[in-house]
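Here the structure is a predicted model, which is why all the values come from computation and not from measurement. Side chains included, hydrogens not; waters and symmetry mates left out as well; all remaining heavy atoms used. Within every chain, numbering begins at 1; the chains are lettered A, B, ... in the order of the sequence lines, protein sequences first and strands thereafter.
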Protein chains: 2
Amino acid sequence: MLTYSEENYLKTIFHLSQGQKHGISTNAIAAKIETKASSVTDMIKKLNEKKLIKYQKYQGVTLTSEGLMAAKMIVRKHRLWEVFLVEKLNFNWDEVHDVAEELEHIKSEKLINKLDAFLGYPTEDPHGDPIPDSKGDMKMINKQLLSELPIKKTAICIGVKDSSSDFLQYLDKQKISLGSKIEILEIEPFDQSYRIKINDYEITVTKKIVNNLFVKTN
Amino acid sequence: MLTYSEENYLKTIFHLSQGQKHGISTNAIAAKIETKASSVTDMIKKLNEKKLIKYQKYQGVTLTSEGLMAAKMIVRKHRLWEVFLVEKLNFNWDEVHDVAEELEHIKSEKLINKLDAFLGYPTEDPHGDPIPDSKGDMKMINKQLLSELPIKKTAICIGVKDSSSDFLQYLDKQKISLGSKIEILEIEPFDQSYRIKINDYEITVTKKIVNNLFVKTN
DNA sequence: AAATAAATTTAGGCAAAGCTAAAAATAAAT
DNA sequence: ATTTATTTTTAGCTTTGCCTAAATTTATTT
């Protein structure tokens with residue numbers, strides 16, 4: 001049985017490992033968890049003892065298959081609860097993260113599987129991130145940044161890279177949400193601003209915006 | 001902000017205080033929480049410091065109005081989550097307690113009020129216990145033990161005194177649930193067994209059963 | 001009213017998870 | 001290839017919440 005804190009470390013290592021081939025550094029974990037490097041070292045030793053991570057002094061850590069599965073189950077819970085909060089309790093997508101951060105630690109397999117069924121076995125959370133199923137499998141979404149989309153090619157908004165409240169609220173204000181039809185009309189060479197079409201109306205946004213929106217074509 | 005453990009103590013003191021005019025003893029708390037008396041004393045001092053309970057050495061404790069409100073909010077969360085588990089996720093009423101025990105500690109007022117709305121502002125949990133509203137008010141149910149009900153008077157089953165799994169499962173087996181119409185037909189003087197009518201069929205039960213079922217008359 | 005029993009509190013410790021400050025290892029720069 | 005800087009680890013301390021064992025207070029007997 002994992003403690004609250006152990007679960008947070010596993011989850012963090014999982015997130016930091018995405019698209020990373022080498023081990024995760026002590027400092028990277030400390031920064032993400034907002035704790036001190038020495039505390040991370042302590043926990044790393046503990047997780048290593050429990051064979052949830054592979055660890056060599058000074059060499060960073062990687063999840064073992066057991067640790068990976070545990071991490072995925074936490075992510076599964078987090079994202080299912082987010083779906084619940086948005087779809088059933090009408091939270092906005094920028095309000096759910098902190099609450100889900102607590103709910104993800106509730107220990108009951110029965111609960112999470114029943115919740116999954118209640119929600120209709122969703123495969124993505126409200127930010128467009130994939131939800132691992134009860135075996136840990138998650139369908140990888142064919143996503144790209146809006147900034148990488150060719151001009152005049154239409155796509156569908158499927159997620160965000162930065163999921164800070166500020167950004168999510170900005171998107172709400174601009175009426176950009178998951179499923180919006182989106183297309184780059186032109187890029188202004190002078191200031192790198194983007195003229196884009198959302199569903200049926202046009203707006204101008206900065207490069208920072210298009211660099212943080214995920215889309216999929218067709 | 002209260003810790004997980006502080007919340008459990010407050011909740012326990014609240015439950016033990018029901019229908020009690022004098023203070024709650026250290027040992028009573030220890031027994032309910034399944035911890036040692038010395039640990040209880042430690043926590044009592046802490047809660048006293050925080051003005052959540054009134055405490056004089058060796059004299060037991062009572063909740064202050066602040067402590068009472070905090071306790072009610074925890075009970076509110078516990079019972080709302082129980083309703084959710086039973087009504088939305090199809091748990092049986094004997095399976096919900098342990099999970100609700102964890103869920104009750106999730107800290108978000110917004111969450112609990114939205115959950116309340118989602119469930120349609122229920123006033124009772126699946127065991128027939130009243131749910132405090134967001135101000136802490138709970139409608140007192142006019143309930144009595146089935147054993148106190150006069151013979152041949154019909155009543156409605158509205159709750160249980162003992163909410164152990166064993167008892168709840170027994171009730172399921174006997175098809176006794178909240179809302180069942182119930183009536184004592186006769187009491188066998190020889191062995192104190194009760195012949196009772198549930199909805200439309202008759203069964204015989206022991207004294208222990210009628211001592212643990214709450215009913216209300218019309 | 002003593003004496004015994006039971007309940008409660010104190011004193012001293014332990015494990016988890018954090019911290020600071022100092023030491024050690026690795027990486028970067030001259 | 002040293003020196004300097006950065007990263008990581010170690011050592012030792014803190015708090016929370018629990019524990020055991022001993023001391024103290026209250027309750028119950030005789």
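- As rounded to whole Å, 14 Å separates atom C1' of dC19(C) from atom CE of Met43(A).
- Here dT15(D) presents its P atom at 14 Å from CD of Glu49(B), a figure rounded to the nearest Å.
- Nucleic acid contact for Ser39(A): base, since at least one base atom lies under 4.0 Å from a heavy atom of the residue.
- Not counting sequence neighbours, the partners of Phe84(A) by the ring pair (Phe, Tyr, Trp, His ring centres under 6.0 Å) test are Trp81(A), Phe84(B).
- Rounded to whole angstrom, the span from the CD atom of Glu34(A) across to the P atom of dC19(C) amounts to 11 Å.
- Within the 3.5 Å criterion, the main-chain N or O of Ile13(B) finds a donor-acceptor partner in the side chain of Ser17(B).
- If you check the side chains of Ser25(A) and Asn27(A), you find no donor sitting under 3.5 Å from an acceptor.
- Using a 4.0 Å heavy-atom criterion, one finds that Tyr9(B) contacts the sugar-phosphate atoms exclusively.
- Note: CE (Met1(A)) to P (dA15(C)) measures 21 Å, nearest angstrom.
- A donor-acceptor pair under 3.5 Å links the side-chain atoms of Asp133(A) to the main chain of Gly136(A), judged by distance alone.
- Pair assignment for dT6(D) gives dA25(C), based on Watson-Crick or G-U wobble hydrogen-bonding distances that are each under 3.5 Å.
- The nearest whole Å value for the distance from the CG atom in Leu2(A) to the P atom in dA16(C) is 14 Å.
- Side chain to side chain, His22(B) and Gln59(B) fail the donor-acceptor criterion of an N or O pair below 3.5 Å.
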At under 4.0 Å between heavy atoms, how does the protein contact nucleotides 5-12 of chain C? Give one character per nucleotide, 5' to 3', with B, S or -.
--SBBB--
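- One can place CD1 of Ile33(A) at 10 Å from P of dC19(C), the figure rounded to the nearest angstrom.
- A straight line from CD of Glu6(B) to P of dC18(D) spans 10 Å, rounded to a whole angstrom.
- Straight-line distance from the NZ atom of Lys50(A) to the C1' atom of dA16(C): 11 Å, rounded to whole Å.
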Where do His78(B) and His97(B) land on the ring-ring contact (aromatic ring centres under 6.0 Å, His included) test, with the steps shown first?
CA-CA 8 Å; His78(B) 183 102; His97(B) 190 266; 4.8 Å; yes
